[in-house]
Every structure is written in C-alpha cells, then in structure tokens.
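FYI, side chains are in, hydrogens and waters are out, and symmetry mates aren't considered; it's all heavy atoms of this structure. Owing to the predicted nature of the structure, the values given are computational and were not obtained by experimental measurement.
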Amino acid sequence: LVWDGSGYGTDATLWGSECFLVEAGKVRRVAALAPFGLPGGVQALRQPWRMALALSFAANIPAVEVIQRLTSTTVSAAQLNAVWQMLENNLNCPQSCAMGRLFDAASYRLLGVADNLYEGYAALQLQTRAQQEAIPAASPGHDSIFAIHNLESDGLLRGDWHAAWRDLFLQESVASGEGYALAFHRGIAQWACQLARYFGVRHLSLSGGCFQNRLLQSLLLDLAQAERLEVIWPDTIPLNDGGLALGQLLAADYSLRNST
C-alpha cells in the first residue's frame, strides 16, 4: 500500500492511494480510491476546505447544503461558491485519488482546519482529535460512518468513498467531535484489510506519508492481527517521500539489471 499526498501516475492523474500487487518480482497497480478533483490545483493542498468542497461535489450533495455547512469564520460563502463554480465547470481541477486529501477534507469538516500551516498539518490535527476520542472508545454505531466499499472500474478496483463522505458530512453533531475523527481513521484502516481479503494476500507492506500517522498504524495492526495478516513497514528509512524515492531507485536498478 502506498498512501500519500500526491504523485504523478502513469495515467496522467495524481495518485496517492495505491495498492500494488507484487508477484514474482513484478508489480501491478490493482486498486486505488475513486478519483476526485483538486480545485485550484496546488491551492487544494494548502486549503483543506477546498477538499471538503470537492468531495461533497463529487458525492452529489446539494450545493446549498454544502455551502451552508462549510461556511465558517475563516471561509466565507462567497469563497465556497467561487470554488464550487470551478468544480461545476471543471476549471483547473486536476484529478487525484490521493489518500492524504481525504484526511484534509475530514479535518476541515470535523475540526474547521482551513489551512495546512505545513505539510500534513490538517491530518495531524485530525489524528490528535481521534486519539483523544480513543480513550473512551467511539460511541456505538460510529464505526459504520466511514465505510469505504469496493467496485471494479476499467480493470482497477476502486475504493468508493462517496457514501462514506455523505454519511460523515451530513452528521448533525460533527462539531461536537463525538467519535467521528476516530471513526474516520477506523474506516481507512478497515479498507486496507478489505483490500488484503479481496486479493487474497497475507502480507501488507506500508509506505507513504499517510502511514506516519501512528493511530492509523495502530488501528491497522489491531485489525490485521485479528485477520492473521502480517504488516511490514520501513524501519531504517522514512515511510514518506524519502522511502518512496529510494524504492524508485531500487525498482529502476532492478529493471536495468534484468533488461540485459
């Protein structure tokens, strides 16, 4: 699993939620999240509210309801309306499936984090809230709020997050933080195990910046242990871009050595 903020894919879209199947030295991309737009391109990475708006647009939540619920002291209705128009007209909205953007969107919807003050800031705030909620456990029923389902599309398994986002977005009590940040993390961890079951594998290898989230790691390990899955991740190299870069070098070296 390679879950991070974004990376340029072979299909000219921005990847970031990839499941690669490794067999006999060969690697195939077999799954990823359903794609969504990044309104304003790089601005969507800097401003999590844009991602909350983009996911709501893709999930077919009515504009009036979205604008009403996302308007805050830091983001005006006029700003939201302007970006909604960008989405409707597909203006500067490159397609992405990056897992990190889901964390951004949830951070704004649940906590009102409007700006990424540094890379990963919004996701870290969401993790911190979820860890506070973990002590007591989330309220009954919350675990089903962010359930990602799988569907096949053009030979690729897609994690369909649309219904999950609608469920989370439309909860009336999200502002009170009643276990929703934790439920979001659990839903993401559960999808990882779903992928292992779907492809019939017993080992999961983790990389990408999203897995620097210690809560996500912990939840995934608990689920994997119950399903007798082995989970591995880098120990002496970074999980995020540094590790990905080293992996690319190793893959290129392997390809060159075996092409002669």
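- Proximity of a side-chain donor or acceptor of Asp115 to a complementary backbone N or O of Leu117 within less than 3.5 Å is not detected.
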Pairs under 3.5 angstrom only: tabulate donor-acceptor contacts from the side chains of residues 94-102 to other protein residues two or more places apart or in another chain.
unit_1 : atom_1 : unit_2 : atom_2 : d
Ser96  : OG     : Leu14  : O      : 3.2
Ser96  : OG     : Ala98  : N      : 3.1
Arg101 : NE     : Asp104 : OD2    : 3.0
Arg101 : NH1    : Gly5   : O      : 3.0
Arg101 : NH2    : Asp104 : OD2    : 2.8

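- Using a 4.5 Å cut-off between side-chain heavy atoms of Ile, Leu, Val, Met, Phe, Trp and Tyr, with links allowed through other members, Ile237 and Phe211 fall into different hydrophobic clusters.
- Counting only residues at least two apart or on different chains, no ring pair (Phe, Tyr, Trp, His ring centres under 6.0 Å) pair has a member in residues 213-258.
- Within 6.0 Å of the OH atom in Tyr8, the count of heavy atoms belonging to other residues, nucleotides or ligands does not exceed 12.
- One finds the CZ atom of Phe103 at 13.0 Å from the CG atom of Asn116 (value rounded to the nearest 0.5 Å).
- With rounding to the nearest 0.5 Å, the separation of CD in Gln127 from CD in Gln132 is 11.0 Å.
- Here the shortest heavy-atom pairing between Ser107 and Ala122 reads OG-O, 2.9 Å.
- No side-chain heavy atom of Arg129 sits under 4.5 Å from any side-chain heavy atom of Leu110.
- Residues in residues 71-93 take part in no salt bridge (Lys or Arg N to Asp or Glu O under 4.0 Å) pair, two or more places apart or across chains.
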Using atom types as modelled, flag every donor-acceptor pair under 3.5 Å from a side chain in residues 193-208 to any protein atom, sequence neighbours excluded.
unit_1 : atom_1 : unit_2 : atom_2 : d
Gln194 : NE2    : Ile148 : O      : 3.1
Arg197 : NH1    : Glu227 : OE1    : 3.0
Arg197 : NH1    : Glu227 : OE2    : 2.5
Tyr198 : OH     : Glu152 : OE2    : 2.4
Arg202 : NH2    : Glu227 : O      : 2.4
Arg202 : NH2    : Arg228 : O      : 2.8
His203 : NE2    : Glu230 : OE1    : 2.9
Ser207 : OG     : Leu1   : O      : 3.4

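- Identified under the salt bridge (Lys or Arg N to Asp or Glu O under 4.0 Å) test for residues 30-40, with sequence neighbours left out: none.
- Both Leu170 and Leu168 sit in one connected hydrophobic cluster of ILVMFWY residues. Membership requires side-chain heavy atoms under 4.5 Å apart, directly or through other members.
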Exercise for review: Dump the intermediate steps for side-chain contact (heavy atoms from CB on, under 4.5 Å) on Gln190 and Leu223, then the final yes or no.
Suggested key: CA-CA 7 Å; Gln190 287 165 352; Leu223 291 169; 3.7 Å; yes

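- Arg214 contributes atom CZ, which lies 10.5 Å from atom CG of Leu221 (distance to the nearest 0.5 angstrom).
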Exercise answer: donor-acceptor pairs, residues 28-44 side-chain atoms, under 3.5 Å, sequence neighbours excluded:
unit_1 : atom_1 : unit_2 : atom_2 : d
Arg29  : NE     : Glu18  : OE2    : 3.0
Arg29  : NH2    : Glu18  : OE2    : 2.7
Gln43  : OE1    : Arg46  : NH1    : 2.8
Gln43  : NE2    : Gln47  : OE1    : 3.4

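- In terms of the side chain to side chain donor-acceptor pair (under 3.5 Å) criterion, Trp3 has no residue partners (sequence neighbours excluded).
- Scanning all heavy atoms of the two residues, the minimum distance from Asn213 to Leu215 falls at OD1-N, 3.0 Å.
- Taking Ser72 as the reference, Thr74, Val75, Tyr108 meet the side-chain contact (heavy atoms from CB on, under 4.5 Å) condition, with sequence neighbours excluded.
- Hydrophobic clustering places Met51 together with Tyr121 (ILVMFWY residues linked when any side-chain heavy atoms are closer than 4.5 Å, directly or through intermediates).
- A distance-only check finds no donor-acceptor pair linking the side chain of Ser153 to the backbone of Leu156 [under 3.5 Å].
- Among residues two or more places apart in sequence or in another chain, the side chain to side chain donor-acceptor pair (under 3.5 Å) test is passed with Asn89 by none.
- Between atom OG1 of residue Thr13 and atom CH2 of residue Trp15 there is a gap of 7.0 Å, rounded to the nearest 0.5 Å.
- Scored by the side chain to side chain donor-acceptor pair (under 3.5 Å) test, Asp4 finds no partners at all (sequence neighbours excluded).
- For the atom pair CH2 of Trp49 and CG of Leu80, the computed distance is 5.5 Å after rounding to the nearest 0.5 Å.
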Check your understanding: Please walk me through it: do Asp160 and Asn150 pass side-chain contact (heavy atoms from CB on, under 4.5 Å)?
Key -> CA-CA 6 Å; Asp160 186 358; Asn150 292 323; over 6 Å; no

Identify each donor-acceptor pair in which a side-chain atom of residues 53-68 lies under 3.5 Å from a protein atom, sequence neighbours left out, and give them as a table.
unit_1 : atom_1 : unit_2 : atom_2 : d
Ser56  : OG     : Ala52  : O      : 2.7
Ser56  : OG     : Trp165 : NE1    : 3.0
Glu65  : OE2    : Arg69  : NE     : 3.2
Glu65  : OE2    : Arg69  : NH2    : 3.1

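- Each of Trp191, Phe169, Phe146, Trp161 was evaluated against Phe184; a single residue qualifies, Phe146, per the ring pair (Phe, Tyr, Trp, His ring centres under 6.0 Å) test.
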Result block: side-chain N/O donor-acceptor pairs under 3.5 angstrom for residues 243-251, not counting sequence neighbours:
none

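- Taking CD from Gln125 and CG from Leu111, the interatomic distance works out to 7.5 Å, rounded to the nearest 0.5 Å.
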